[in-house]
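The model shown is predicted, which means the values in this text are computed figures rather than measured ones. A note on names: the letters A, B, ... follow the listed sequences, proteins ahead of strands, and every chain is numbered from 1.
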Protein chains: 2
Amino acid sequence: MAPIEEEERMTVSVRDVAAAASVSVGTVSNVLNRPDKVAPATVARVTAAIAELGFVRNDAARQLRAGHSRSIGLVVLDVRNPFFTDVARGAEDRAAEAGMTVLLGNSDENTDREGAYLDLFEEQRVAGVLISPLADDLPRLQRIRDRGTTVVLVDREVADQSFSSVAVDDVVGGSLAVSHLIDTGRRRIAFIGGPMGIRQVVDRLDGARRAVAAADAEGVSLEVIETESLTVLAGRAAGEAIRERAASDRPDAIFAANDLLAMGVLQALMMQGSIDVPGEIALIGYDDIDFAAAAVVPMSSIRQPAALIGYTAVDLMLKEADGETARERVVFQPELVVRESTSSRS
Amino acid sequence: MAPIEEEERMTVSVRDVAAAASVSVGTVSNVLNRPDKVAPATVARVTAAIAELGFVRNDAARQLRAGHSRSIGLVVLDVRNPFFTDVARGAEDRAAEAGMTVLLGNSDENTDREGAYLDLFEEQRVAGVLISPLADDLPRLQRIRDRGTTVVLVDREVADQSFSSVAVDDVVGGSLAVSHLIDTGRRRIAFIGGPMGIRQVVDRLDGARRAVAAADAEGVSLEVIETESLTVLAGRAAGEAIRERAASDRPDAIFAANDLLAMGVLQALMMQGSIDVPGEIALIGYDDIDFAAAAVVPMSSIRQPAALIGYTAVDLMLKEADGETARERVVFQPELVVRESTSSRS
DNA sequence: GCGGCCGAATGATTCGTTTCAGGCCGCCAC
DNA sequence: GTGGCGGCCTGAAACGAATCATTCGGCCGC
């Protein structure tokens with residue numbers, strides 16, 4: 001007895017469509033790609049056959065022939081960070097304009113995962129890779145580029161012109177944040193952020209240091225509290241550590257390396273209403289994510305044009321892939337957004 | 001004068017590797033896929049050649065041969081909603097266990113974009129599609145399924161067993177939320193959510209209605225305020241409309257269809273401290289995203305096991321694709337999380 | 001009536017990988 | 001000495017769409 005045929009796995013190919021419409025495969029391909037080159041009656045016949053058979057193009061075959069895909073790879077540090085989803089949105093918008101797609105990879109601040117995505121994207125022969133790189137593995141990116149895949153750095157610059165890049169000046173951002181704290185009367189400032197392998201963190205801290213150095217005020221100190229990641233959880237841990245200190249030993253202002261951290265810090269400080277923000281401690285974050293404005297205490301932050309960064313990154317990638325321009329560096333300026341969490345002590 | 005050779009677009013294939021290592025292409029493929037079947041010395045030679053030439057597998061060719069890809073498509077309503085990024089994380093985890101990848105598509109509550117992603121995924125011959133469908137275009141999904149792509153519904157059930165699905169009982173969730181509001185003494189309840197094309201919204205409203213009907217209290221009313229989307233912005237607009245009403249005309253409790261909306265409503269109500277939450281109006285959201293706990297007024301919400309939903313969805317997809325089991329429906333139960341935004345009037 | 005031309009359609013070939021039926025060789029058992 | 005076996009390797013045949021040099025047929029102009 002023959003086994004029951006479970007499921008008719010119908011794989012309809014151009015050949016089948018061609019047969020059904022009594023034309024050659026070449027003509028089917030033309031209908032698909034240059035319908036104006038085919039006689040209207042034929043187009044109609046082929047289209048009907050496609051609909052009837054439920055033909056769906058096989059992208060793998062297309063790509064194999066074309067040599068490259070119509071997708072763009074984007075590797076970000078943390079998808080759960082609204083800043084990066086905004087970047088992704090911007091990238092998607094520009095990609096859609098060019099009829100392309102964005103594949104989103106999440107390195108989760110983890111070198112191995114970052115590497116896995118890079119491998120994947122290279123194997124997929126994506127048109128380009130946009131990456132917010134974790135550490136300084138530029139040689140690797142260079143190798144990828146040398147093998148023919150365009151690479152654009154997101155939120156990261158590199159001194160020589162070896163890559164196109166889109167970034168925001170994080171040193172200026174850090175400086176803006178801390179100058180603001182000093183201007184509103186704070187003196188014992190703490191920077192919370194990490195790991196120090198991440199460039200953004202280092203730059204923002206650098207900016208903070210410069211603001212302190214440049215301050216036209218006395219007795220300004222800067223304490224650095226390193227965290228293991230840039231998440232709400234890490235922020236909460238850091239905040240709890242501060243809450244447990246003697247009141248005299250606490251900073252009177254905190255600059256968190258991003259809003260996620262800042263939200264965690266805020267939660268920890270306010271737990272059981274133990275520490276008043278901004279009365280006792282002022283708090284400023286970075287990125288100005290949507291939720292910052294809706295926090296327990298509406299949070300001051302440094303705004304970056306997230307969607308625009310993504311949009312521009314894809315733009316540069318397309319330009320470079322076209323060989324149209326030389327590599328290009330775009331740098332946006334951050335902007336201070338003042339809310340209640342840094343208002344002066346009443 | 002010959003034009004300068006701009007860039008040596010080197011496309012290294014298995015054939016080149018084979019030549020370099022003096023073996024056949026079949027052997028190179030074996031080294032790549034079943035190294036244990038190849039003599040150690042040969043493996044070493046081939047591996048060296050791969051490294052030297054910088055060979056990178058061409059996924060398109062692999063896929064073409066295999067007939068299907070090692071990716072899973074996931075279409076969500078809104079990437080900016082942390083609930084969905086959590087679902088995506090869960091899905092990624094399960095996919096990674098199976099050596100597969102998740103492609104994330106964002107329909108943005110837009111039918112066209114949803115359709116575009118479905119087309120794309122089908123052309124890519126993904127192993128399966130997980131979708132949180134926008135409206136009731138089941139026939140379309142059925143067609144996709146009939147053409148051989150496994151489809152799993154996420155956060156959506158369907159009466160007959162025509163699809164595997166993972167969902168949370170939103171009617172129960174809506175009921176939980178409103179019962180809680182009634183239990184804490186609220187009477188004039190407003191439901192904020194929309195568009196009504198989205199099933200989750202309708203079900204949560206349905207649950208709300210049931211809770212009102214079942215209430216063991218007098219004078220309970222339910223007003224429905226429809227929004228255009230489930231975003232912070234839409235919530236803010238709805239909240240502003242309420243703030244502008246005469247105090248006597250305002251509800252004393254609001255149930256928002258998700259936390260994003262709720263955050264927007266909260267922002268609007270508290271603007272200039274005009275309306276006290278929960279004193280004047282209690283507020284409860286849905287999803288229990290991380291930021292809910294850190295809101296101006298820590299927000300009560302209905303918790304769903306987001307990551308688990310994603311994980312399970314991939315799991316069901318893999319099972320169904322293996323033909324291992326019949327289609328399966330998994331339903332999780334939501335959970336009430338009480339915070340300050342619904343505490344009783346002091 | 002014929003050469004020339006043009007739009008339309010053809011179909012063999014290509015992309016890079018995996019698979020699979022064989023082939024070769026050395027070794028063991030009889 | 002021969003048959004059989006297993007380990008290792010080979011190379012041709014797919015997979016499905018796109019390309020492009022050809023061919024076909026009809027029409028115009030002379």
Next item on the list: Ignoring the backbone of A/Ser24, work out which of C/dA9, D/dT10, C/dC15 is nearest its side chain.
Entry: C/dA9

Next item on the list: Send over the distance from B/Leu64 CG to D/dA17 P, rounded to a whole Å.
Entry: 9 Å

Item checked: Of the listed nucleotides D/dA17, C/dG16, C/dT18, the one nearest the side chain of B/Asn58 -> C/dG16

Check: Within the structure shown, what part of the strands sits under 4.0 Å from A/Val23 by heavy-atom distance: base, sugar-phosphate, or nothing?
Finding: sugar-phosphate

Check: Taking atom C1' of D/dG16 as reference, at what distance in whole Å does atom CG of A/Leu53 sit?
Finding: 15 Å

Item checked: Residue closer to the 5' end of DNA chain C, B/Gly26 versus B/Ala60 (nearest nucleotide) -> B/Ala60

Checklist line | Result of checking A/Ile309, A/Val314, A/Leu77 against A/Val154 for side-chain contact (heavy atoms from CB on, under 4.5 Å) | finding: A/Ile309

Check: OH/B/Tyr117 to CG/B/Asp112 distance, rounded to the nearest 0.5 angstrom?
Finding: 13.0 Å

Next item on the list: Could you tell me whether the side chain of A/Asp108 and the main chain of A/Asp78 form a donor-acceptor pair under 3.5 Å?
Entry: no

Notebook entry, point to check: For the pair made of CD in A/Gln63 and P in D/dA17, what is the distance, rounded to whole Å?
Noted result: 13 Å

Notebook entry, point to check: Taking it one step at a time, do B/Tyr311 and B/Glu92 satisfy side chain to side chain donor-acceptor pair (under 3.5 Å)?
Noted result: CA-CA 7 Å; B/Tyr311 190 95; B/Glu92 263 177 26; over 6 Å; no

Next item on the list: Consider the side chain of B/Thr42, meaning its heavy atoms from C-beta on, and name the nucleotide among D/dA17, D/dC8, D/dT10 that approaches it most closely.
Entry: D/dC8

Check: How close or far is atom P of C/dG16 from atom CG of B/Asp16, stated in whole angstroms?
Finding: 8 Å

Notebook entry, point to check: Does the A/Arg147 side chain pair with the main chain of B/Val12, one donor and one acceptor, at a distance under 3.5 Å?
Noted result: no

Next item on the list: Using distance alone, with no hydrogens and no angle criterion, decide if A/Glu320 and A/Thr150 have a side-chain donor and acceptor under 3.5 Å apart.
Entry: no

Checklist line | A/Arg57 CZ to D/dT19 C1', straight-line distance once rounded to whole Å | finding: 14 Å

Check: Of the candidate nucleotides C/dG16, C/dT17, D/dA18, which contains the atom at the shortest distance from the side chain of B/Thr11?
Finding: C/dG16

Check: Are any of A/Arg62's side-chain N or O atoms less than 4.0 Å away from OP1 or OP2 of D/dA18?
Finding: yes

Next item on the list: Would you classify B/Ser13 as touching base, sugar-phosphate or nothing, given that sugar-phosphate means primed atoms plus P, OP1 and OP2, and contacts are heavy atoms under 4.0 Å?
Entry: sugar-phosphate

Check: Can B/Arg145 be said to sit on top of B/Phe163's aromatic six-ring, NZ or CZ under 6.0 Å from centre and within 45° of the ring axis?
Finding: yes

Next item on the list: Provide, to the nearest angstrom, the distance between the CZ atom belonging to B/Arg15 and the P atom belonging to D/dA12.
Entry: 11 Å

Notebook entry, point to check: In whole angstrom, what separates B/Asp59's CG from C/dT17's P?
Noted result: 10 Å

Check: Starting at CD of B/Glu123 and ending at P of D/dA18, how long is that distance when rounded to a whole Å?
Finding: 9 Å

Item checked: Which residue lies more 5' along DNA chain D, comparing B/Val25 with B/Arg45 via nearest heavy atoms -> B/Arg45

Checklist line | Members of residues 29-40 of chain A that approach DNA chain D, where some heavy atom sits under 4.0 Å away | finding: A/Ser29, A/Asn33, A/Arg34

